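A note on names: the letters A, B, ... follow the listed sequences, proteins ahead of strands, and every chain is numbered from 1. Values in this document were obtained by computation on a predicted structure and should not be read as measured data.
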Amino acid sequence: MSTFYVTTPIYYANGEPHAGHAYTTIAADALARYHRIKGDDVFFLTGVDEHGANIDKTAESEGLSPQAFCDKLAPIFTKLWERLNISNDIFLRTTSELHKRGIKKFLTALYESGDVYKAPYEGHYCRPCERFFPEKELSDDKICPIHKIPLEWVKEENYFFRLSKYQDRLLQHYNENPEFVYPDTRRNELLSVLESGLEDTSISRSSVSWGIPLPFDPEHIAYVWIDALPNYITALGYDADNERYHTFWPANVHMMAKEITRFHALLWPAMLMAANLPLPKQIVAHGWLTKDGEALSKTRGIFIDMDGDIATYGVDAFRYYLLREFSFGNDGDYRPTRLHQRYNADLANDLGNLLNRVLGLLNKNFDGIPAPTTPGEFDDEIKQMAQKTSETFDAHIETFAFDSALETIWEFVRRVNRYVQQTEVWTLAKPETKPRMGTILYNCLEALRYISVLLSPFIPDTAEKIQQQIGLTEFDSVAEWGRLPVDLKVSRGEPIFPRVDLKKEKAQPKKEKAKPEKKTSEKKSNLISFSDFQKMDLRVARVISAEPIEGADRLLKLEVDIGTEKRQVVAGIAEHYQPDALIGKQVIVVMNLEPATIRNVESHGMILAASDDSVVLVSPETDVPLGTQVR
RNA sequence: GCCGGUGUAGCUCAGUGGUAGAGCACACGACUCAUAAUCGUGCUGUCCGGAGUUCGACUCUCCGCACCGGCACCA
């Protein structure tokens, strides 16, 4: 028996899970279930990453301790996974003892490899900011750009991992294992990063308190990624060097969204090399979901209404849609109308109706499943197609082409519908043709059983319902033709996918859009005094000229008129504003910001803009005299 | 600016050196076992634009445009 270990990332638990998390997890679940029915010994991990400064901060803003915050959030993940029918074998939390023990052992091994070194880090430090400022961010007077106070020269010790040392070995690994990173676009990206050189990376954070202390120097806290990545082995029992660990490591597939491939495909393998452990076999990255063509955004209220769609169409339809519609690896646009079409066309009409019509005929004419005594035209074709479908299906799963895999099954579903049509079974109820009728119905039901097996990794509940209606009391997960027993009492239940009428849905009151989260309780430490605020010199100015800066995609060089003087300012708004459209516009300029040189262009001040996904300039409501103070 | 990818029917996408396909949607027909379902037939395309190689390119090469990623840049 071969083994199969698949993981999702452990999701960063500083907010609730969204459709992106669900997509990754459902894809991994489909793989896990697929390998289980193939008879593999499967271990499927998901979990949450609970350490680091961001969680500390979010917890604080909610007035909770970090641990209490995590304890509140983790069940929200597990409940969603239950709802989505995720068959994970473990839900790993980085605050668990299991992980803590494992990470201690792993970091010790890393340290003993000799590739962790302590290096003094010295620089300009701002106490209120709790951070260093690189030379290039500062002007000659060395004051904090945020607090406007003189910076201290502080020397601090930090731990580094000698990532640079592994550049060649990684490159070699990539070349010898072309399938290591999938798909190729991501692989190419990482290769170009590798070829341009890796730098040693800091693995500890002294400014962070919420995390795991380095075992070889508890004064320092492990950087959150260094803490998180080894979860894939700590979850197996790496600390105890136990059987599960030896059975399942190295992992077959680390499944994830594309933005975190770098950590998984460069840093993590290098860490494993240093600790002298085997590397995972494949890093698999999928694309992002968009909603009706727009990037998901909390602040703009663009999100995928999982709850609503699941309530309308059911969990399996949601799972089906995600895996059927999107070509894995590419970004996919989530459209409720497409989900609706897929639901009615594929699930209700093709599959659901097929089951229902066959069971209807059987109920009316037979008492239990008849024996296939009377072969005839098309029978062999159906049987052969079942076999071929299964083979093609397997090939698609191997390359994560879930969409093609499902399409392959549906070709067979349609073929069986045609079989019913071609043989005109419903006309064969006369005594002399009844044995033939029974044979055809047997073939249809066996085809449906066969289909339910192939579908079970994707839509497990449905697969089970199909077999229940056929009369099987226990799920038969073997895709071999002819296993369906005769004389089973079928139970034609409710349609497994009742059609959904969109008009009815529309008549229902629309759900309220989620409001952007508000931080209600600002912490005292975030407050500034009025005199701090007064230090800022904000003025109304008019844009006189605007032009792009050579070699920079996001930058515009602006000349602004403040009434008394003119200034040159660099603004990172080129992606959102045409230069010409800016001319004549009134804007707000920060006058007393220290000058900086960006891309060889001097900037004397800063233009205010609201920005998250988009960037919108702040402008007086009506024209005011140039140079007017803004307060 | 550099590096990679994509651009094919209304939509989602396949595809091949010999001038294009599937599913959905749409139209018409058949059938009535079934969830107004199923089955059949049909429909639409300058295969991003331009140049080149070739007997012949949507498929190869080059140039360009658009979009999507990665890197730099975001005072």
Side-chain angles (χ1 to χ4, degrees), chain A residues 136-139 145-146 183-193 195-196 258-259 261-262 285 287-288 290 295 324-327 329-333 335 337-338 340-342 344-365 401 403-404 406-407 410-411 413-429 437 440-441 444 492 494-501 548-556 569-576 589-590 593-609 611 615:
Chain A
K136 66 173 181 178
E137 288 185 26
L138 300 173
S139 55
I146 292 144
D184 283 349
T185 28
R186 299 272 93 79
R187 178 171 186 268
N188 290 340
E189 257 170 43
L190 293 169
L191 272 173
S192 82
V193 172
E195 274 154 12
S196 68
K258 63 187 182 184
E259 76 278 6
T261 46
R262 196 167 295 207
W288 286 336
T290 56
R324 171 65 186 90
E325 184 92 344
F326 306 129
S327 72
N330 300 325
D331 289 359
D333 194 25
R335 297 186 196 182
T337 55
R338 289 292 300 164
H340 179 261
Q341 286 173 354
R342 284 279 175 206
N344 275 346
D346 296 359
L347 298 176
N349 294 353
D350 287 347
L351 180 63
N353 182 55
L354 174 61
L355 177 67
N356 201 236
R357 72 194 296 207
V358 172
L359 291 179
L361 283 163
L362 196 97
N363 261 349
K364 212 173 286 180
N365 298 290
D403 56 334
S404 308
L406 285 166
E407 170 60 19
W410 252 262
E411 280 169 22
V413 171
R414 285 191 285 269
R415 180 65 191 89
V416 178
N417 263 318
R418 202 159 85 242
Y419 178 60
V420 174
Q421 208 73 19
Q422 286 171 319
T423 55
E424 300 188 354
V425 239
W426 59 89
T427 65
L428 303 178
M437 183 188 212
I440 293 166
L441 292 179
C444 288
R492 184 194 188 191
E494 291 298 304
I496 52 174
F497 292 110
R499 278 183 65 90
V500 173
D501 187 349
I549 291 174
E550 186 129 354
D553 284 354
R554 316 168 82 144
L555 304 183
L556 290 180
V569 176
V570 172
I573 56 173
E575 288 173 313
H576 304 91
V589 177
V590 185
L593 193 62
E594 61 212 357
T597 301
I598 303 137
R599 282 265 142 182
N600 288 327
V601 180
E602 280 187 36
S603 181
H604 300 271
M606 172 176 169
I607 308 286
L608 293 190
S611 76
V615 170

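Contact between A/T423 and A/L428 at its shortest, heavy atoms only, is O-CD1, 4.0 Å.
Considering only side-chain N and O atoms, A/R262 lies under 4.0 angstrom from the phosphate OP1 or OP2 of B/C71.
Base-pair partner of B/C39: B/G29 (Watson-Crick or G-U wobble, both distances under 3.5 Å). B/U59 is unpaired under the Watson-Crick or G-U wobble criterion, no partner having all donor-acceptor distances under 3.5 Å. Under the Watson-Crick or G-U wobble criterion, with both distances below 3.5 Å, B/A66 is paired with B/U6. The nucleotide B/U19 finds no pairing partner, because no Watson-Crick or G-U wobble arrangement with both distances shorter than 3.5 Å includes it. Summarising the base pairing, B/C71 is matched to B/G1 through a Watson-Crick or G-U wobble pair whose two defining distances lie under 3.5 Å.
The distance between atom CZ of A/R186 and atom P of B/G5, rounded to the nearest whole Å, is 12 Å. Between the C1' atom of B/A14 and the CD atom of A/E325 lies a distance of 15 Å, rounded to the nearest Å. Rounded to an integer number of Å, the gap from A/E189 CD to B/C68 C1' is 11 Å. Spacing between atom CD of A/E407 and atom C1' of B/A14 amounts to 10 Å, rounded to whole angstrom units. Following rounding to the nearest Å, A/L191 (CG) and B/C3 (P) show an atom-to-atom distance of 16 Å. Distance A/E195 CD to B/C71 C1': 14 Å, rounded to the nearest Å.
One C1' atom belongs to B/C74, the other to B/U54, and the distance between them is 49 Å to the nearest Å. Only the P atoms considered, B/A57 is 38 Å distant from B/G70, to the nearest whole Å. Nucleotides B/C31 and B/G49, compared at atom P, are 45 Å apart to the nearest Å. A gap of 16 Å separates the C1' atoms of B/G45 and B/A25, to the nearest Å. When the C1' atom is used for both B/A37 and B/A30, the distance is 14 Å, rounded to whole Å. Remark: the separation of the P atoms in B/C48 and B/C11 is 14 Å, to the nearest Å. Rounded to a whole angstrom, the distance from the P atom of B/C13 to that of B/U8 is 10 Å. When the C1' atom is compared between B/G7 and B/G64, the two are found 14 Å apart, to the nearest whole Å.
Position along RNA chain B of the nearest nucleotide to A/G572 versus A/D403 favours A/D403 as the more 5'-ward residue. Comparing A/W288 and A/R554 by the nucleotide of RNA chain B whose heavy atom lies nearest to each, the residue mapping closer to the 5' end is A/W288.
For the residue pair A/R338 and A/Q341, a side-chain donor N or O sits within less than 3.5 Å of a side-chain acceptor on the partner. Counting only N and O atoms by type, the side chains of A/R499 and A/N353 include no donor and acceptor under 3.5 Å apart.
When side chains are defined from C-beta on, A/E602 does not count as touching A/V570, because their heavy atoms never get closer than 4.5 Å. Contact check for A/W410 versus A/L351: side-chain heavy atoms found under the 4.5 Å cut-off. Using a 4.5 Å heavy-atom threshold, the side chains of A/I440 and A/C444 count as touching. The shortest side-chain heavy-atom distance between A/E325 and A/R335 does not fall under the 4.5 Å cut-off.
Listed by chain and number, the residues in a side-chain contact (heavy atoms from CB on, under 4.5 Å) with A/R492 are A/N356, A/L359, A/N363 (sequence neighbours excluded). Residues that satisfy the side-chain contact (heavy atoms from CB on, under 4.5 Å) test with A/E259, not counting sequence neighbours, are A/A257, A/W288. With sequence neighbours excluded, the residues forming a side-chain contact (heavy atoms from CB on, under 4.5 Å) with A/V193 are A/L198, A/R262, A/L266, listed by chain and number. In this structure, the salt bridge (charged side-chain N to carboxylate O under 4.0 Å, His left out) partners of A/R554, at least two apart in sequence or on a different chain, are A/E575.
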Distances for protein N/O vs nucleotides 6-9 of chain B N/O pairs under 3.5 angstrom?
none

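Nucleic acid contact for A/V569: none, since no nucleic acid atom lies under 4.0 Å from a heavy atom of the residue. Within 4.0 Å (heavy atoms only), A/S192 reaches no atom of the nucleic acid at all.
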Report summary line: Once base and sugar-phosphate atoms are separated, protein heavy atoms under 4.0 Å mark nucleotides 24-40 of chain B, 5' to 3', with B, S and - as S------SSBBB-SBSS

